Amino acid sequence: MKVFAHRGASGYAPENTLAAMRKAIDLNVTSIELDVHNVGGTLYVFHDRRLDGKSSGTGLIEHVSPEYLTAITVDGEPIPTLWQVLCYLKPYNSVVNIELKGLNSLGPFIDLYPKLLNEIGYRSEQLLISSFHHGFLATLKQRLPSARLAPLLEGIPDDLAACATRLDAYSIHLSLSFITQELIDDAHARGLMVYVYTVDHPQDIQDLAKMGVDGIFSNYPDVSQAIIDRLTHPKTS
C-alpha cells in the first residue's frame, strides 16, 4: 500500500511548506501530496481558500497579490510556489500528487505542465493531478492527454466510480468518511488505483488494507508506513 505524505510530512512541519517537503524526504517518503491555488497567474502551494488561521495573513488567497504572499508565513515558513517545490523534489524521484484548488488554478497549470516535463524533467507518470472540480480534470485531459488524473470524492455517488472512467483517470481518491467495499471494488473493476484520505489511525490503516485499497494519504507517513510494513510482513514466533 502506497503512502503519500499529506501536504508534505505535515504532522511534523508546517503543511505545504518546503520544510514539510524536506521532512518527507528525510523520512524516505517517495510519494507526496500538495495543494495549489492561483495567485496572480502563479501557482502557490497552500491548502485553504482563506489565509486566516493557516498563515500570518488574512483574506481569500485568490484575492491577494504574490507580493503579499511573500510577506507572510505559515508558522514561520514561507509559502512556496509549485515550481519551487517541484524543483526541490525532482532529484529524489518523487511521485507528486498536485491537487488543483480554487476556481482559477486550471489555466496556469495547463500552461505550466509542459515546463514541468521539459524544463525540470519530470515524467508524466510522476505527476498525479487531482481535484474535486471534475470539470477541471476533463479539460486537462483534453488539453494534456498524457497527464495522470484523479477525481476526488467526498461521498458515494449512485454510479460509484463511474466519474473516473469518464475522465480516463489513473486513480480515484476517496474520503475515509465515505468508504465502502462496493465503491472500492467498482473502482478496481474499472482499472483504477484507489487512494484514501486522510488516514493516520492504526485501526483505519488495518481496515483499509483488508479492504484492498492501494494507498493512503497520511500526515505521519513514516508511522503509517511502519504499520503497513508490519501488516505486510508480520513477525513469526
Side-chain angles (χ1 to χ4, degrees), residues 4 6-8 15-17 21 31-51 54-55 57 59-70 79-90 94-155 157 161-175 192-193 195 197-198 217:
F4 286 84
H6 183 241
R7 307 177 194 173
E15 66 176 42
N16 278 324
T17 65
M21 307 303 158
S31 300
I32 294 174
E33 184 267 354
L34 53 82
D35 312 273
V36 296
H37 284 271
N38 172 19
V39 179
T42 298
L43 293 174
Y44 284 84
V45 182
F46 193 81
H47 182 269
D48 287 15
R49 64 192 292 268
R50 285 194 170 275
L51 295 164
K54 292 280 187 175
S55 76
L60 291 168
I61 187 169
E62 293 182 347
H63 290 178
V64 303
S65 66
E67 291 75 20
Y68 183 79
L69 285 189
T70 62
I79 298 173
T81 65
L82 177 61
W83 185 266
Q84 288 172 324
V85 171
L86 291 181
C87 284
Y88 169 74
L89 292 175
K90 178 61 180 68
S94 304
V95 172
V96 186
N97 177 189
I98 302 166
E99 182 182 342
L100 302 181
K101 306 286 282 189
L103 299 176
N104 302 299
S105 58
L106 179 61
F109 184 78
I110 288 175
D111 292 340
L112 186 65
Y113 184 83
K115 298 177 183 178
L116 302 179
L117 304 185
N118 299 327
E119 296 183 24
I120 301 182
Y122 278 91
R123 303 184 308 277
S124 59
E125 59 266 27
Q126 288 181 276
L127 301 176
L128 181 57
I129 318 307
S130 64
S131 185
F132 284 103
H133 195 319
H134 297 179
F136 278 2
L137 299 181
T139 301
L140 187 61
K141 194 67 175 180
Q142 184 179 39
R143 296 284 298 276
L144 303 167
S146 68
R148 281 190 169 181
L149 306 184
L152 279 153
L153 296 181
E154 191 167 20
C163 65
T165 299
R166 291 191 292 270
L167 291 166
D168 190 21
Y170 170 79
S171 59
I172 191 165
H173 299 179
L174 307 176
S175 168
L192 300 164
M193 303 296 283
Y195 300 142
Y197 65 93
T198 304
F217 299 89

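In this text the structure is predicted, and so the values were computed from the model without any measurement.
The shortest side-chain heavy-atom distance between Glu33 and Tyr197 does not fall under the 4.5 Å cut-off. Side-chain contact between Phe109 and Arg143 is absent, with no heavy-atom pair separated by less than 4.5 Å. For the pair Ile120/Trp83, a side-chain contact is recorded, criterion being any heavy-atom separation below 4.5 Å from C-beta on. Residues Arg49 and Leu60 form a side-chain contact, since some pair of their non-hydrogen atoms from C-beta on lies under 4.5 Å apart. Side-chain contact between Tyr122 and Leu86 is present, with heavy atoms from C-beta onward closer than 4.5 Å. Contact of the Ile129 side chain with the Leu100 side chain is registered, since non-hydrogen atoms from C-beta on lie closer than 4.5 Å. Within the 4.5 Å cutoff, the side chain of Leu34 has heavy atoms near those of the Met21 side chain. A 4.5 Å side-chain heavy-atom check between Ile172 and Cys163 finds at least one atom pair inside the cut-off.
Here the CD-CD1 distance, from Gln84 to Ile79, works out to 11.0 Å after rounding to the nearest 0.5 Å. To the nearest 0.5 Å, atom CG of residue Asn97 and atom OG of residue Ser171 are 7.0 Å apart. A distance of 5.0 Å separates CD1 in Ile98 from CG in Leu82, rounded to the nearest 0.5 Å. Expressed to the nearest 0.5 Å, how far CG of Leu149 lies from NE2 of His134 amounts to 10.5 Å. In this structure, CD on Glu15 lies 10.5 Å from OG on Ser55, to the nearest 0.5 angstrom. Of the inter-residue distances, the one linking Ser131 atom OG with Leu152 atom CG reads 7.0 Å to the nearest 0.5 angstrom.
Every residue meeting the side-chain contact (heavy atoms from CB on, under 4.5 Å) condition with Thr165, not counting sequence neighbours, appears here in chain and number order: Arg190. Checked against side-chain contact (heavy atoms from CB on, under 4.5 Å), Glu62 has the following partners two or more places apart in sequence or in another chain: His37, Asn104.
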- Task: Report the C-alpha separation of Asp48 and Ile61 in whole Å, then their side-chain angles, then the decisive distance to 0.1 Å, and conclude whether the side chain to side chain contact (heavy atoms under 4.5 Å, CB included) test is met.
- Result: CA-CA 8 Å; Asp48 287 15; Ile61 187 169; over 6 Å; no
- Message: Determine whether Asn16 and Val85 satisfy the following criterion, side chain to side chain contact (heavy atoms under 4.5 Å, CB included), listing intermediate values before the conclusion.
- Response: CA-CA 9 Å; Asn16 278 324; Val85 171; over 6 Å; no
- Message: For Tyr88 and Ser94: C-alpha separation, side-chain torsions, deciding distance, then whether side chain to side chain contact (heavy atoms under 4.5 Å, CB included) applies.
- Response: CA-CA 10 Å; Tyr88 169 74; Ser94 304; over 6 Å; no
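Surrounding CD of Glu125 are more than 12 heavy atoms belonging to other residues, nucleotides or ligands, all under 6.0 Å away.
Using the six-membered ring where Trp is involved, Phe217 and Tyr195 have ring planes that are perpendicular, over 60° apart on the 30 and 60° scheme.
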